[in-house]
Amino acid sequence: MACKQAAKFFPVLKTPALPPGSMQGKFALVTGGGTGLGRAMATTLSHLGATVAIAGRRTEVLERTATDIHNETKGKVFPVKMDVRDPEIVEKSVDAIESEFGRLPNIVINNAAGNFIMASERLSPNAVRTVVDIVLFGTVNVTTEIGRRVINQNKDGCSFLSISTPYARSGGPFVLPSAMSKAGVENMTKTLSAEWAKYGMRFNVIAPGPIPTEGAFGRLSNMTMEETVHMLSKTVSVGRCGEPEEIANLAAYMCSDYASWLNGAIIDFDGGQQFLNHGSSFGDFLQKVPSGEWAKIEELIRSRTGKSKSK
């Protein structure tokens, strides 16, 4: 009840927070930009005047999203087919970006991700590898490919932002591959913030708490979206889940010139969830799932994504 009462004090503002034109002249690459948080961040950057390239594996989704964002913002939005897991494909995709635009992005948002809930004893090596390849190696592939070019060209520099999660540091039961991959992303960020700042690059992280998107929540729960949001809202001290536009506003600020001294920061953006000692947290809920029920949960999640999450 306390969390529900708290929610009325924390309204959601979905309009861009930065002044119009704050991103004029900027060129942003957003991986995983076709849906969910990536789409929200690309939309906000476009509203603020940036040219935006959205990258992902599904061309049709990217093209549809690019059209939708352009119709809303009137900005330049371009789809770029890219599989972040493959360094050769990343290299060719960045080649194509440079050829098309005559420049490198000076904002890179590493948002592409993969995750699912599963009891760790049911995870196969392939299931673990799939998440690690997307989340950790995918982020490293994109960051180092563009970073090396920034160093070699000695031009504009670049602001890199990666999307992590608070459980990258605390650990996350039932999301082992994601937890260990995001921890690596955060360590990469801190390392490069020290090593590559001299080349004009900044590296920061946002670690969001629960923000409902069909893709993420569909893979993370055997419940409906409404049930999942209701349950997770009880675990957040401000009484509600976050909204994609809220993380988009924070991301825009962190990548903007207003934050030019922000480097090596990891910002938890979770409504205080990690500090609320509440018996209904996601991990506590899953601890109560009988071992025999995991096969049913896996089957339901597989039906939503078309893939086996333990195998």
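Worth knowing before you read on, the calculation uses all heavy atoms, side chains too, and leaves out hydrogens, waters and symmetry mates.
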To check you understand the geometry: which heavy-atom pair defines the closest contact between [X] and [Y], and what is its length?
{"X": "Asn141", "Y": "Val84", "result": "ND2-O, 2.8 Å"}
{"X": "Gly157", "Y": "Asn106", "result": "O-CB, 3.7 Å"}
{"X": "Gly147", "Y": "Trp196", "result": "CA-CZ3, 3.7 Å"}
{"X": "Leu123", "Y": "Pro177", "result": "CD1-CD, 3.8 Å"}
{"X": "Val185", "Y": "Ser162", "result": "CG1-CB, 3.6 Å"}
{"X": "Pro208", "Y": "Pro166", "result": "O-CD, 3.1 Å"}

Does the side chain of [Y] come within less than 4.5 Å of [X]'s, by heavy atoms?
{"X": "Thr73", "Y": "Val52", "result": "no"}
{"X": "Lys26", "Y": "Leu45", "result": "no"}
{"X": "Ile117", "Y": "Val175", "result": "yes"}
{"X": "Thr43", "Y": "His47", "result": "yes"}
{"X": "Met188", "Y": "Val140", "result": "yes"}
{"X": "Leu104", "Y": "Val94", "result": "yes"}
{"X": "Thr51", "Y": "Phe78", "result": "yes"}
{"X": "Arg103", "Y": "Lys155", "result": "no"}

Give, for atom [atom1] of [X] and atom [atom2] of [Y], the distance between the pair rounded to the nearest 0.5 Å.
{"X": "Thr67", "Y": "Leu62", "atom1": "OG1", "atom2": "CG", "result": "10.5 Å"}
{"X": "Thr143", "Y": "Asn110", "atom1": "OG1", "atom2": "CG", "result": "4.0 Å"}
{"X": "Tyr167", "Y": "Leu176", "atom1": "OH", "atom2": "CG", "result": "10.0 Å"}
{"X": "Asp270", "Y": "Ile247", "atom1": "CG", "atom2": "CD1", "result": "11.0 Å"}
{"X": "Phe27", "Y": "Asp156", "atom1": "CZ", "atom2": "CG", "result": "11.5 Å"}
{"X": "Asn249", "Y": "Leu13", "atom1": "CG", "atom2": "CG", "result": "8.5 Å"}

Using modelled atom types only, decide if a donor and an acceptor are shared between the side chain of [X] and the backbone of [Y] within a distance under 3.5 Å.
{"X": "Ser46", "Y": "Lys74", "value": "no"}
{"X": "Ser178", "Y": "Gly114", "value": "no"}
{"X": "Asn111", "Y": "Gly32", "value": "yes"}
{"X": "Ser256", "Y": "Tyr253", "value": "yes"}
{"X": "Arg202", "Y": "Ala259", "value": "yes"}
{"X": "His70", "Y": "Lys76", "value": "no"}
{"X": "Thr235", "Y": "Leu232", "value": "yes"}
{"X": "Thr65", "Y": "Gly34", "value": "yes"}
{"X": "Ser193", "Y": "Lys190", "value": "yes"}
{"X": "Lys182", "Y": "Ile163", "value": "yes"}

> Does the pair Leu192 and Phe160 meet the rule for a side chain to side chain contact (heavy atoms under 4.5 Å, CB included), with working shown?
Replying inline: CA-CA 10 Å; Leu192 292 179; Phe160 291 84; over 6 Å; no
>> So, applying side-chain contact (heavy atoms from CB on, under 4.5 Å) with Ile267, which one of Asn204, Leu250, Val205, Leu161 is it?
In response: Leu250
For residues [X] and [Y]: do they belong to one hydrophobic cluster (side chain heavy atoms under 4.5 Å, members Ile, Leu, Val, Met, Phe, Trp, Tyr)?
{"X": "Leu18", "Y": "Val12", "result": "no"}
{"X": "Ile266", "Y": "Leu136", "result": "no"}
{"X": "Phe269", "Y": "Met41", "result": "yes"}
{"X": "Ile89", "Y": "Val142", "result": "no"}
{"X": "Val108", "Y": "Phe101", "result": "yes"}

Identify whether the distance between the nearest side-chain nitrogen and carboxylate oxygen of [X] and [Y] falls below 4.0 Å.
{"X": "Glu246", "Y": "Arg240", "result": "yes"}
{"X": "Asp95", "Y": "Arg149", "result": "yes"}
{"X": "Arg64", "Y": "Glu60", "result": "no"}

>> Pair Thr35, Arg58 - check side chain to side chain contact (heavy atoms under 4.5 Å, CB included), show working.
In response: CA-CA 10 Å; Thr35 60; Arg58 297 179 294 171; 3.9 Å; yes
> Does the pair Val131 and Met180 meet the rule for a side chain to side chain contact (heavy atoms under 4.5 Å, CB included), with working shown?
Replying inline: CA-CA 10 Å; Val131 175; Met180 65 190 218; over 6 Å; no
> Would you say Asn154 has more than 12 foreign heavy atoms packed within less than 6.0 Å of its CG?
Replying inline: no
